[in-house]
Amino acid sequence: MKDVPPPFDYREVEIQRGVDAKQLYELSTEIGRPAITVQLSHSSVQQSSNMVFKRSVPLMAVATLLVLAVIPDIRAAVPTGCVEIESAHKNQYLALGGRYNENRRHVTVSNNRQQWNIVRDGDNYRIRPSRTANELYAAGYTYDSDRRHVFVWELSHPVIQGGWDIQELGNGRYLIRNTHENEFLYSADFPNRGSIFTWRGNINARDDTQFHWRLSSC
C-alpha cells in the first residue's frame, strides 16, 4: 500500500523570543496541515553565536507554542525578590513594628522604606523581611470580630498561615490575600493609622484603597 501524500506541503515557521507570533503568522490558515517544521532559535550568552533547533511536529504542538508565545504568564506581573510594599491608601511603606511577644512582631506602615523578599511558593507567595527566613502571616489571634492580627513569625521557618495570593489590579496596584484565612491585607485607620490587619468579613477589596498595595522592586 502506497503512502498517501499530505494535502499540504510541509513548511517552516520560526517562533522568535519576545516577538508576538500573531505578527508573523495567521494561525487559522494552518488548520488542515498534518505537520509543519518548527524552528526555535535563541541567542547564546555570547552574541556572536546562535543555536537553531528544527524538527517536524504535529499541528497541535505548534498551536500550543503559538498560544504560549501570545498569552503571558499572569503571575509574571508580580514582582519577586527584593520588593518595597507601599500602602496606596496612606502612601507609606509596610514595615516591621514592635514585638507582640517573644516569637511575633507587629507590622505597621512607615515613611521609611522597608525591604521585603517575595518568594513564589507554588501558585502563591511568601513574604519575608529582607535577608531573613521570618514570615509575614495572618495570626490565629483576632483583634475583634472584623480584624485579624498580622505578624511576622520570627522563628525562621514556614508557617501554614504564611501563604499569600497577590492579585494585580492595574496601575501598579495589587491585592494581597492570605490563602489560609481567605482574608485581604489592609492598612487600617483604626485603632491608629499604623495598624495592619486582615479583614475578616465580606468586602469588595477592589473598590477600597485601604486594601491596595504598590509593589516596587528594589
Side-chain angles (χ1 to χ4, degrees), residues 73-169 172-201 203 205 208-218:
D73 182 354
I74 296 175
R75 294 181 303 171
V78 176
T80 56
C82 183
V83 173
E84 294 171 350
I85 303 174
E86 182 185 7
S87 167
H89 176 59
K90 296 176 183 170
N91 297 319
Q92 292 179 306
Y93 295 90
L94 189 69
L96 294 174
R99 286 191 177 276
Y100 179 82
N101 60 23
E102 182 180 359
N103 300 326
R104 297 166 179 85
R105 184 180 292 275
H106 285 288
V107 287
T108 185
V109 288
S110 170
N111 291 325
N112 298 320
R113 296 172 183 264
Q114 166 85 49
Q115 293 182 347
W116 299 83
N117 188 30
I118 296 181
V119 179
R120 185 174 290 177
D121 181 17
D123 291 333
N124 301 312
Y125 299 87
R126 300 276 172 170
I127 302 175
R128 300 165 178 158
S130 182
R131 299 183 180 88
T132 77
N134 302 337
E135 291 201 341
L136 185 75
Y137 79 103
Y141 305 158
T142 59
Y143 180 81
D144 57 23
S145 60
D146 292 324
R147 300 164 181 84
R148 183 183 304 278
H149 285 294
V150 176
F151 297 124
V152 167
W153 180 251
E154 297 210 310
L155 293 185
S156 298
H157 62 73
V159 290
I160 191 172
Q161 305 100 315
W164 301 90
D165 172 37
I166 302 177
Q167 307 169 18
E168 186 178 20
L169 293 174
R173 298 187 178 196
Y174 298 82
L175 298 176
I176 303 176
R177 179 179 63 87
N178 185 265
T179 56
H180 185 264
E181 301 294 347
N182 193 28
E183 296 169 358
F184 289 97
L185 184 74
Y186 84 106
S187 179
D189 293 324
F190 173 86
N192 60 69
R193 284 186 55 81
S195 297
I196 301 294
F197 299 110
T198 59
W199 183 260
R200 303 179 64 199
I203 190 72
D208 190 334
T209 60
Q210 289 186 93
F211 295 86
H212 295 187
W213 301 88
R214 301 186 188 100
L215 307 182
S216 305
S217 296
C218 48

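Treat the numbers as computed from the prediction; the structure is a model and nothing was measured.
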Using ring-ring contact (aromatic ring centres under 6.0 Å, His included) as the criterion, list what pairs up with H89, not counting sequence neighbours.
none
When you compare the side chain of R99 with that of E154, does any pair of heavy atoms fall below 4.5 Å?
yes
If you round to the nearest 0.5 Å, how far is CG of N178 from CD1 of I127?
9.0 Å
What are the two closest non-hydrogen atoms of I196 and S187, and how far apart are they?
CD1-CA, 3.8 Å
Minimum heavy-atom separation for L185 and W213, please, with both atom names.
O-NE1, 3.1 Å
Write down the atom of S195, the atom of K90, and the distance for their closest heavy-atom approach.
O-NZ, 4.2 Å
Can you tell me how far apart OH (Y125) and CZ (R177) are? Round to the nearest 0.5 Å.
12.5 Å
Applying the side chain to side chain donor-acceptor pair (under 3.5 Å) test to E135, which of H157, R128, Q161 qualifies?
R128
Between T108 and G97 (side chain of the first, backbone of the second, donor and acceptor by atom type, cut-off under 3.5 Å), is there such a pair?
no
Nearest heavy atoms of A205 and L175, plus distance in Å
O-CD2, 3.8 Å
Return the minimal non-hydrogen interatomic distance between N117 and C82, and the atom names on each side.
OD1-N, 3.9 Å
Just how far is it from atom CG of L136 to atom CD1 of I176, taken to the nearest 0.5 Å?
8.0 Å
With sequence neighbours left out, what residues match R214 under side-chain hydrogen bond (donor to acceptor under 3.5 Å, both in side chains)?
E86, N91
With a 4.5 Å limit on heavy-atom distance, are the side chains of T142 and R148 in contact?
yes
CD/E84 to CG/L94 distance, rounded to the nearest 0.5 angstrom?
11.5 Å
Parallel under 30°, tilted from 30 to 60°, perpendicular over 60°: which one fits the rings of Y141 and F151?
perpendicular
Pairwise side-chain contact, W116 with P129, heavy-atom cut-off 4.5 Å (strictly under)
yes
When rounded to the nearest 0.5 angstrom, what distance separates CH2 in W199 from CD in Q210?
8.5 Å
Closest non-hydrogen atom pair, T198 against A138
CG2-CB, 4.3 Å
I166 and I118, any side-chain heavy atoms less than 4.5 Å apart
yes
Measuring from atom OG1 of T209 to atom CG of L169, what distance do you get when rounded to the nearest 0.5 angstrom?
11.0 Å
Would a 4.5 Å heavy-atom cut-off, applied to side chains only, mark R126 and W164 as touching?
no
Using 30° and 60° as the class boundaries, would you call the ring planes of Y100 and H106 parallel, tilted or perpendicular?
perpendicular
Using a 3.5 Å distance criterion without hydrogens, assess whether the side chain of D144 forms a donor-acceptor pair with backbone atoms of R147.
yes
Is any side-chain heavy atom of V159 closer than 4.5 Å to a side-chain heavy atom of H180?
no
If the plane angle is over 60° it's perpendicular, under 30° parallel, otherwise tilted; pick one for F211 and F184.
perpendicular
Are H212 and Y174 an aromatic pair by the rule of ring centers under 6.0 Å?
no
Less than 4.5 Å apart, side chain to side chain, heavy atoms only: is that true for W153 and N103?
yes
For the pair Y143 and F197, name the ring-plane relationship: parallel under 30°, tilted 30 to 60°, perpendicular over 60°.
tilted
